Amino acid sequence: MSPERGSYADPAVDYHVEIAFTLNGAEVRIRVDPAERLLDVLRYRLGLTGTKEGCAEGECGACTVWIDGLPVDSCLVPAVQARGREVVTIEAVDPMRLRPLLESGATQCGACTPGVVMTALWILDHPDLLETHTVRELMAGNLCRCTGYDGIVEGVLEALEATRDTEREPA
Amino acid sequence: MKVEAPATLDEALACLQAAPLVPLAGGTDLLVHWPGNLEAKAGHYVDLWALDELRGIRRDAEGLTLGALATYWDAIRDSRIREEFPILVQAARQVGAIQIQSRGTWAGNVVNASPAADGVPVLMALDAVVVLASASRRREVPLDAFYTGYRTTVRRADELVVAVRLPDRGNAVQTFVKVGSRRAQAIAKVGLALARSEAGWRVVAASVAPTVVRCRTVEAALDAGDAFAAPEDLLPLLREDVTPIDDLRSTARYREMVLARVLWHAIAEAA
Ligand SMILES: Cc1cc2nc3c(=O)[nH]c(=O)nc-3n(C[C@H](O)[C@H](O)[C@H](O)COP(=O)(O)OP(=O)(O)OC[C@H]3O[C@@H](n4cnc5c(N)ncnc54)[C@H](O)[C@@H]3O)c2cc1C
Ligand code: FES
Ligand code: FES
């Protein structure tokens, strides 16, 4: 590739760096190899295996987590870039919020589900997004080989509807 | 693998002056298949992601400045951009999906230099200027002079792109069309950005040459007021401007025909 690439693979040198970030509300401090992705650190260093690896190339969204409130593919984030950021994973999700998704058939084999849920809940937390986007467009980065997507889209729409109903009820 | 983590732009430029490091922005190009990529593992990177001075989009009397870390999502959520530079938003919404849009940067798209890029054609149609900085100097290069060949650019190893600037031209026409295998998450088989301002027509095509290119023969004809009765009438001009090839995504013949048709319809709509 580009000739400007330097070589830093000296086995005698330790290139690990210490990083600190917020993970699901708690402070994490950990030494990482610069070659580790956020996905690797979550799954294999911190034991949070809810986040899945599908494609390792940003296509499937199974590895979706939030960084500073936005969905990202954790397979494309070098762990060192989590430094100082707020990371939220599927482990932080309140299971009660999953009901509309379960009831609409948004999950079958479940491989895509943690990622789907992270994007779906982000949409639910920001209903104003639907002024410019459809649920389908916002969910386009989460591939699912089972459901045919209708269940996912319906689940999100129903959950949005349910949120609106609760808001309308007098306190 | 080694990653430098400068806290300021000056520190980052000093790192690059000392060694030819690979700049790392949103990582959506660089990290694809990173775990199995031995070349990536031997790399020495400079992480730009913490450099807040490169973040954000600024609008002033001269135009629009996209900081080097401005993402697609930053543009999509900006109501002024939606109004004044709608093709930026149209293109941004077709780059991957939210997970890519939230991290992918305009500057990364420019430097990655893919002939199939979606950010580059719309920026080029709006006469974007690439602002480069090294420890010792700053220079500006028009985006249409930034590429020297397939995936090569005028950027020197000690330089960073610090911003992409768009002049304020009040573009009356702005159209972006991406033809891919499917609507979401596809790489362009043919891309077209069309704009018209006081500076004249801009016709920029993607995936039909070693770099994203301006179709200057077509631009000159449009500026001269030429009309085209059918898409086929554009072909002789386009053949002066583009050199499509057969590859895994499409064929040269398909690309040429589709570009002519898409362009013809875009011109017709703009008229
Ligand atoms: C699933 C998926 C879908 C995608 N879809 C599309 C698409 O539809 N259309 C499209 O155009 N692209 C697409 N991309 C490619 C990519 O998202 C874009 O090119 C993006 O803009 C790259 O920006 P980045 O910040 O992530 O770049 P990085 O990966 O961080 O860097 C890309 C290149 O630019 C260099 N670089 C970055 N910033 C600077 C700087 N400031 N100065 C100097 N050099 C710099 C890096 O060294 C590297 O060579 C897709 C990628 C994925 C994984
Ligand atoms: S594993 Fe990250 S997008 Fe597929
Ligand atoms: S439920 Fe099986 S991939 Fe989505």
Side-chain angles (χ1 to χ4, degrees), chain A residues 1-10 13 15 17 19 32-40 53 55-61 63-85 115 118-119 122-123 129 132-133 136-143, chain B residues 1-5 16 19-50 71 73 76-77 79 82 89 93-94 96-104 111 113 151-153 155-158 182-186:
Chain A
M1 234 209 242
S2 40
E4 67 259 33
R5 246 164 225 239
S7 181
Y8 265 77
D10 185 344
V13 181
Y15 296 113
V17 286
I19 58 165
V32 300
D33 180 330
E36 281 178 285
R37 304 160 301 166
L38 178 58
L39 175 68
D40 304 319
E53 176 159 12
C55 63
E57 57 177 45
E59 290 284 346
C60 76
C63 65
T64 304
V65 302
W66 300 344
I67 298 185
D68 293 345
L70 284 179
V72 307
D73 292 322
S74 60
C75 71
L76 295 184
V77 180
V80 292
Q81 285 191 345
R83 199 192 308 253
R85 311 268 160 202
M118 292 313 284
T119 310
W122 170 72
I123 301 171
L129 290 171
T132 48
H133 288 67
R136 221 169 261 277
E137 178 176 347
L138 293 168
M139 296 285 327
N142 290 92
L143 302 189
Chain B
M1 182 184 302
K2 193 170 179 199
V3 179
E4 304 298 334
L16 279 164
L21 313 186
V22 181
L24 176 60
T28 60
D29 278 311
L30 284 172
L31 262 86
V32 171
H33 293 306
W34 165 286
N37 182 340
L38 292 179
E39 196 190 355
K41 284 221 162 108
H44 190 182
Y45 297 82
V46 55
D47 180 16
L48 309 180
W49 203 244
T71 63
W73 190 247
I76 291 169
R77 296 305 284 166
S79 57
R82 275 206 293 270
V89 176
R93 283 175 75 152
Q94 296 188 52
I98 174 62
Q99 293 93 331
I100 301 298
Q101 293 159 7
S102 61
R103 301 256 315 160
V111 177
R151 310 214 73 169
T152 56
T153 76
R155 183 182 84 89
R156 294 194 331 225
D158 65 344
R182 57 198 281 270
R183 190 136 20 104
Q185 303 244 80

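So you know, we letter chains A, B, ... as the sequences are listed, proteins then strands, and number each from 1. Bear in mind the structure is a predicted one, so any value in this text is a computation, not a measurement. Basis for what follows: all heavy atoms, side chains included, without hydrogens, waters or symmetry-related copies.
Contact count against chain B (heavy-atom pairs under 4.5 Å) is highest for Asn142(A) among Asn142(A), Val17(A), Val80(A). Interface remark: of the candidates Val89(B), Thr152(B), Ile76(B), Asp47(B), Asp47(B) forms the most heavy-atom pairs closer than 4.5 Å to chain A. With respect to chain B, the highest number of heavy-atom pairs below 4.5 Å among Asp40(A), Thr132(A), Leu138(A) belongs to Thr132(A).
The minimum heavy-atom distance between Ala140(A) and Ala97(B), with the atom names listed, is C-CB, 3.8 Å.
Looking at Ala113(B), neither its backbone nor its side chain comes within 4.5 Å of chain A, counting heavy atoms on both sides. Only the side chain of Thr119(A) comes within less than 4.5 Å of a heavy atom of chain B; its backbone N, CA, C and O stay farther away. Proximity to chain B (any heavy atom under 4.5 Å) is restricted, for Arg83(A), to the side chain, taken from C-beta onward. For a residue to count as touching a neighbouring chain, one of its non-hydrogen atoms must lie under 4.5 Å from one of that chain's; by this rule Arg77(B) touches chain A with the side chain only. The contact between Leu24(B) and chain A is made by backbone and side chain atoms together, counting heavy-atom distances below 4.5 Å.
Counting only distance, with no hydrogens or angles, the side chain of Gln81(A) and the backbone of Ala50(B) share no donor-acceptor pair below 3.5 Å.
Expressed to the nearest 0.5 Å, how far NZ of Lys2(B) lies from CG of Asp33(A) amounts to 13.0 Å. Going from atom CG of Leu31(B) over to atom CG of Leu39(A) covers 11.0 Å, rounded to the nearest 0.5 Å. Between the NE2 atom in His33(B) and the SG atom in Cys55(A) there is a gap of 7.5 Å [rounded to 0.5 Å].
Between Leu76(A) and Arg103(B) the shortest side-chain heavy-atom distance does not fall below 4.5 Å. Within the 4.5 Å cutoff, the side chain of Ile98(B) has no heavy atoms near those of the His133(A) side chain.
Applying the ring-ring contact (aromatic ring centres under 6.0 Å, His included) rule to Trp34(B) yields the partners Tyr45(B); only residues at least two apart in sequence or on another chain are considered.
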Show me the side-chain donor-acceptor pairs of residues 66-73 of chain A shorter than 3.5 Å, one per line, residues at least two apart or across chains.
unit_1	atom_1	unit_2	atom_2	d
Trp66(A)	NE1	Met118(A)	O	2.8
Asp68(A)	OD1	Glu86(A)	N	2.9
Asp68(A)	OD2	Arg85(A)	NH1	3.1

